[in-house]
Amino acid sequence: MTKITQKYWWNNSVIYQIYPLTFADANGDGQGDIEGIIKRLDYLKDDLGIDAVWLSPINKSPMVDNGYDISDYFDICPVFGTLDDFEQLLAEAHQRQIRIILDLVINHTSNQHTWFLESSQSQNTPKSDWYLWQDPAPGGGFPNNWLSYFGGTGWTYNPQRDQYYFHTFNENQPDLNWQNPDVRKAIYDIIRFWLDKGVDGFRLDASSVYSKDKYFRYNPVKFGATDQNDYNNFHHIYNKDLPENHQIIKEIRQIIDEYDERILIGETFIDSRLYESTVFYGVNNDELHLPLTFEFPFSPWYPGYLQQEIEQKERLTPPGASPTYFLNNHDIPRHLSRWVECSLCTNPIAIAKAAATILLTVRGTPVLYYGEEIGMVNHLSIPPEKAKDYAINESRDNQSLESRDGARTPMQWDDSPNAGFSFGKLVEPWLPVNDNYLEVNVKKELEDPDSILNFYRDLLKIRKNSEALCYGTWKTLIHYPYEHLAYIRETEKEQVLVIINFSYEKPFEIDVKVSENKWKVWLSNVEESGKIIDLPETLQPFEVSILGKKL
Ligand code: GLC
């Protein structure tokens, strides 16, 4: 059980991820923009109650990977607006006590970035060593067996240099050479530029793959694996999670620490194990404040599994550091689609409320993904001609990754055409709106006291006002979970008991052992809020109860 010793703003905050292309379209061109986000800030603050926004990339980009391929770090992509618009967003957000966190994509640039255009000219330009260039293997062919996460070899041939360059992702996203001090300096200047503008921190994209082996040694193939074109068949010991990577993150953290109250979040790579990810806190908590690890996204909807993940994270999070959790992001199918499909329960509302309760009551900073608060699900039938995830769809030899478009469809604001995404303008949105928008939308759910949205709103309020939920320890009351979870969050002054029954058909005899004291119902789908009750002996199907007590 770890106690939080230093309090940071993110300990009692909830972060909300916006995918700018599909959040809100103010100028009526069908693509989301900064002005649209500004118009929705009151929703985020007053209706929902979040504290910080993480924006998926808004820098200038040819949009092969929809912003995760940057061609100018100092400017805003015209699709989203201008630098002035961004400054207005920052001011308007700060006025409402909403912090703004930018996505920083610095493992690679776009191949349209002037750095790459210059570097690819010849082997003798000042920037010739800014990317990972290698000669063909003796006799021709790829320099080594490193693959792209998006499919096929990670090497692309460039005739001008008669060399290959390496890319962890799509061929249009060449990886930077982080061993080059000039590259580091250029990136650190970018970081300072945005911190000076007043942004509250960064989410480092793909932050565990910056460093690569300087000898470009072959990655070992996993025992028994035959398909040498499958990324998952290799131990990525020479192009991922390298010790040198930590030095880079430390240097970035030092810059962050020169400024007040800024946060450094990082995507410790999607297929990394929890251990590899938690080492990104740094030996002395001097790297990431919050490493985004993927426990909930990759768990089945099963209490025993989820509990094991939480317990592991409790064990591995170093003293003085705090965890973070999320259910969704722009790279994975939305949780209700994953969990309703794989569980026997066909009641998405019940799953949504139970999942939200876990997310917002475990120990750590919760990150919500736009639309999860209303129960948005994946769009399952986007016609191929409307697809937008070019980086994956058009990557060579991609055998296993599926398009991420389904989780990126327009935010469903109301039941007007296109779900109010373009504020009443009749234009075709960038991706099609999910057909369920007539039922699942913000306006309707704000009016329905039993909606998922109102449940989230209550949860956010409860969390904000509870010392135990923000700073308290986490302790399970059940050691062999089967049909339910029960845990305590606790500080010296307050105890919170969270009980969730995963069984959708039967009541469950509760076997948690806590003292006899009375509990106040903070939020429950069976008991009235505010009531003082004894600990119930039986849980109702899908009961979710948060009970509190001052000590
Ligand atoms: C990260 C992003 C993903 C992007 C990739 C390449 O994993 O989350 O969306 O495609 O990096 O930048």
Side-chain angles (χ1 to χ4, degrees), residues 15 17-23 54-71 73 77 101-113 116 131-132 147-152 154 156 165-176 178 187 190 202-210 212 231-232 236 239-241 245 265-272 276-277 280 288 290-294 297-298 324 326-334 367 369-370 378 387-396 398 400-409 430-431:
I15 300 172
Q17 182 191 354
I18 287 181
Y19 197 67
L21 278 162
T22 47
F23 188 65
W54 148 28
L55 294 174
S56 277
I58 49 169
N59 292 121
K60 208 166 203 173
S61 160
M63 294 280 175
V64 172
D65 196 9
N66 299 317
Y68 285 92
D69 48 327
I70 293 176
S71 55
Y73 289 92
C77 201
I101 299 165
L102 291 186
D103 218 315
L104 197 61
V105 187
I106 50 178
N107 169 66
H108 48 270
T109 66
S110 155
N111 62 349
Q112 301 305 309
H113 196 293
F116 187 75
Y131 293 82
L132 299 168
L147 296 181
S148 150
Y149 182 69
F150 284 170
T156 291
Y165 64 89
F166 181 70
H167 45 93
T168 303
F169 300 96
N170 187 281
E171 67 202 84
N172 299 289
Q173 298 165 288
D175 283 25
L176 284 161
W178 275 89
I187 298 288
I190 293 164
F202 300 100
R203 175 258 188 195
L204 298 179
D205 182 66
S207 60
S208 45
V209 290
Y210 298 159
K212 317 287 188 306
Y231 188 89
N232 298 318
H236 293 273
N239 60 354
K240 202 181 96 177
D241 289 328
N245 215 89
I265 307 176
E267 179 199 34
T268 53
F269 205 46
I270 191 158
D271 64 338
S272 293
E276 292 159 347
S277 303
F280 276 90
L288 299 177
L290 301 178
L292 292 167
T293 53
F294 286 72
F298 294 152
T324 176
F326 60 100
L327 300 167
N328 301 291
N329 73 16
H330 60 292
D331 290 329
I332 46 180
R334 286 183 178 270
V367 184
Y369 181 54
Y370 84 97
N378 260 50
K388 290 287 192 288
D389 192 2
Y390 316 109
I392 281 199
N393 298 348
E394 289 165 23
S395 273
R396 290 170 307 205
N398 172 15
S400 51
L401 290 182
E402 290 199 4
S403 163
R404 299 164 292 184
D405 286 339
R408 299 173 173 180
T409 56
W430 184 71
L431 275 173

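In listed order, ligands and their atoms are each counted from 1.
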Mark up the atoms of ligand 1 that fall under 4.0 Å of a heavy atom belonging to [X], in ascending order.
{"X": "Arg404", "answer": "3 (C), 4 (C), 9 (O), 10 (O)"}
{"X": "Asp65", "answer": "4 (C), 5 (C), 6 (C), 10 (O), 12 (O)"}
{"X": "His108", "answer": "6 (C), 12 (O)"}
{"X": "Phe150", "answer": "10 (O)"}
{"X": "Glu267", "answer": "1 (C), 7 (O), 8 (O)"}

Any donor-acceptor N/O pair, [X] side chain to [Y] backbone, under 3.5 Å:
{"X": "Ser148", "Y": "Phe169", "answer": "yes"}
{"X": "Glu267", "Y": "Ser207", "answer": "no"}
{"X": "Tyr19", "Y": "Asn329", "answer": "no"}

For atom 9 (O) of ligand 1, which of Asp331, Asp389, Ile70 has the closest heavy atom? Asp331
Nearest candidate to atom 11 (O) of ligand 1, where distance is taken over non-hydrogen atoms, out of Asp69, Val105, Asp205, Asn66: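 The option holding the nearest heavy atom is Asp205.
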Test: Asp405 and Lys388 ion pair at under 4.0 Å: no
Given the side-chain rings of Tyr68 and His108, with only the six-membered ring counted for Trp, is the space between their centroids under 6.0 Å? no
Aromatic contact between Phe150 and His167, with the criterion being ring centroids under 6.0 Å apart: yes or no? no
With backbone taken as N, CA, C and O and side chain as the heavy atoms from C-beta onward, which portion of His167 lies under 4.0 Å from ligand 1: side chain, backbone, both, or neither? neither
Applying a 4.0 Å heavy-atom criterion (strictly less than), which segment of Phe169 is in contact with ligand 1: side chain, backbone, both, or neither?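 For Phe169, only side-chain atoms sit under 4.0 Å from ligand 1.
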In chain order, what residues pass the salt bridge (Lys or Arg N to Asp or Glu O under 4.0 Å) check against Asp69, with sequence neighbours excluded? none
